[in-house]
Amino acid sequence: MSIVWSFSSLKTFQQCPKKYYHTKIAKDIVEPDTQATLYGKTAHTVAEEYIRDGKDVPPQFKYMRPVLEVLDVIQGKKLCEVKLGLTKNLEACDFNATNVWWHGIADLVVINEAKQLAHSVDYKTSKNARYADVKQLDLVAAGLFAKFPQINKVKSALIFVVSKEFVKAEHHREMMLKYVEKPAQDVARIEAALKNGVWNPIQGPLCKFCSVKQCEYNRSE
């Protein structure tokens, strides 16, 4: 059996297979937006409209302006909210294609064909980069290499717009298979769980905040 996965859904499975089952497979639990996620969505819209449309930054997000000004002067064609898809053979496909295996969205991509180079940016609105995970950048880079065959190198960054921290990585086309190797092993674990119907919960400090209330480890009440 095969699934369609993203970096965030894979993180959910790694955190707790039972939570993954209820939110991604059975879909009998819908996780509501929080104040933090709503704020993050608004910040992403502010960044997109500044880069794409030249729209000024609202006063409450003025702290983002210095970071966005740095991005705005990067040479190349700027693309916002780039939807990416990969088949199991690591070929490019549409985000919702029938044969899509992995999909993700790059917040900002700057293509410089003359240098066979792309810049890839993901905005983060958490307070600092303490828990930054660059594996997300690996997957996006693989998607970019498939979608843009003229690109041989990707300079990637998680940009924490609040703390103004840049967590950088550099990716090369010849390493594309390596970028998806470890995630693919975890995807195989999800496929095995689909086959045998076993979704064991994992107990952890976040259990009390989990939306899966029927789990034996949930102690929110």
Side-chain angles (χ1 to χ4, degrees), residues 4-11 14 40 43-52 64 66-97 99-126 128-161 163-187:
V4 180
W5 62 282
S6 65
F7 176 77
S8 61
S9 69
L10 193 60
K11 291 284 286 185
Q14 292 166 342
H44 276 70
T45 299
V46 168
E48 179 181 359
E49 291 179 344
Y50 179 89
I51 298 293
R52 186 194 62 206
M64 293 177 58
V67 171
L68 296 176
E69 288 175 342
V70 170
L71 298 176
D72 201 34
V73 298
I74 297 176
Q75 292 187 342
K77 183 178 180 181
K78 295 177 179 65
L79 307 170
C80 297
E81 296 296 305
V82 181
K83 292 185 176 182
L84 302 168
L86 288 173
T87 68
K88 211 161 190 176
N89 294 325
L90 303 187
E91 297 173 344
C93 66
D94 289 339
F95 185 87
N96 289 318
N99 61 336
V100 67
W101 177 61
W102 165 87
H103 60 195
I105 299 176
D107 292 339
L108 172 65
V109 177
V110 185
I111 303 291
N112 189 324
E113 291 194 18
K115 295 183 178 181
Q116 299 181 319
L117 170 69
H119 293 266
S120 173
V121 170
D122 189 89
Y123 307 115
K124 299 295 183 184
T125 53
S126 47
N128 56 60
R130 181 179 178 184
Y131 299 108
D133 190 342
V134 296
K135 291 188 286 295
Q136 175 183 359
L137 298 176
D138 295 346
L139 294 170
V140 169
L144 290 173
F145 286 132
K147 186 177 181 68
F148 300 102
Q150 70 273 33
I151 297 303
N152 289 321
K153 182 166 72 173
V154 177
K155 291 186 176 182
S156 308
L158 298 174
I159 297 185
F160 291 77
V161 294
S163 58
K164 297 181 176 58
E165 294 176 87
F166 288 58
V167 179
K168 299 179 181 180
E170 188 169 289
H171 298 90
H172 300 269
R173 177 173 291 277
E174 61 268 24
M175 296 292 291
M176 182 176 171
L177 184 61
K178 190 71 175 178
Y179 300 144
V180 301
E181 184 177 54
K182 177 59 172 66
Q185 295 173 4
D186 287 327
V187 173

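No experiment lies behind these values; they were computed from the predicted model shown.
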Table please: side-chain donor-acceptor pairs of residues 68-86 below 3.5 Å, with sequence neighbours left out.
{"residue": "Glu69", "atom": "OE2", "partner": "Arg65", "partner atom": "NE", "Å": "2.9"}
{"residue": "Lys78", "atom": "NZ", "partner": "Asp72", "partner atom": "O", "Å": "3.2"}
{"residue": "Lys78", "atom": "NZ", "partner": "Ile74", "partner atom": "O", "Å": "2.6"}

Fill in the blank from the handout: Lys115 meets the side-chain hydrogen bond (donor to acceptor under 3.5 Å, both in side chains) criterion, sequence neighbours left out, with none

Problem - Gap between atom CD of Glu174 and atom NZ of Lys153 - 0.5 Å precision - result: 10.5 Å

Handout entry: For Asn89, all residues meeting side chain to side chain contact (heavy atoms under 4.5 Å, CB included), sequence neighbours excluded
Key = Thr87, Glu91

Completion exercise
side-chain hydrogen bond (donor to acceptor under 3.5 Å, both in side chains) filter on Lys135, not counting sequence neighbours, yields Asp133

Practice task
Any chance you could measure Tyr123, atom OH, to Leu108, atom CG, to the nearest 0.5 Å?
Solution key: 4.5 Å

Practice task
Look at the aromatic rings of Tyr179 and Phe145 and report parallel, tilted or perpendicular, splitting at 30° and 60°.
Solution key: parallel

Handout entry: With Ser156, the side chain to side chain contact (heavy atoms under 4.5 Å, CB included) member among Val109, Leu137, Leu144, Val140
Key = Leu137

Problem - side chain to side chain contact (heavy atoms under 4.5 Å, CB included) against Ala97, all qualifying residues, sequence neighbours excluded - result: Cys93, Asp94, Asn99, Val100

Fill in the blank from the handout: Residues passing the salt bridge (charged side-chain N to carboxylate O under 4.0 Å, His left out) test with Lys124, sequence neighbours excluded, are Asp122

Exercise for the section: Identify the two heavy atoms, one from Ser120 and one from Ala106, that lie closest to each other, and give their separation to 0.1 Å. Expected result: OG-CB, 4.5 Å

Handout entry: Residue list, salt bridge (charged side-chain N to carboxylate O under 4.0 Å, His left out) with Glu48, at least two apart or on another chain
Key = Arg52

Handout entry: All side chain to side chain contact (heavy atoms under 4.5 Å, CB included) counterparts of Gln185, not counting sequence neighbours
Key = Glu181, Lys182

Exercise for the section: Kindly compute the distance separating CD (Gln14) from CG (Asp186), expressed to the nearest 0.5 Å. Expected result: 4.5 Å

Completion exercise
Those residues at least two apart in sequence (or on a different chain) that pass side chain to side chain contact (heavy atoms under 4.5 Å, CB included) with Thr125 are Tyr39, Ala43, Val161

Problem - Nearest-0.5 Å distance, CG of residue Leu117 to CD of residue Glu170 - result: 8.5 Å

Problem - Residues which pass salt bridge (charged side-chain N to carboxylate O under 4.0 Å, His left out) with Arg173, listed by chain and number, not counting sequence neighbours - result: none

Practice task
Supply the atom-to-atom distance Lys168 NZ to Ile159 CD1, rounded to the nearest 0.5 angstrom.
Solution key: 8.5 Å

Exercise for the section: Indicate yes or no: at least one non-hydrogen side-chain atom of Pro183 is less than 4.5 angstrom from one of Trp102. Expected result: no

Completion exercise
Sorted by chain and residue number, the side-chain hydrogen bond (donor to acceptor under 3.5 Å, both in side chains) partners of Ser126 (sequence neighbours excluded) come out as none

Problem - Shortest non-hydrogen contact between Ser163 and Asn128, atoms and distance - result: OG-CA, 3.6 Å

Exercise for the section: List in chain and number order the residues that pass salt bridge (charged side-chain N to carboxylate O under 4.0 Å, His left out) with Asp107, two or more places apart in sequence or in another chain; answer none if no residue qualifies. Expected result: none

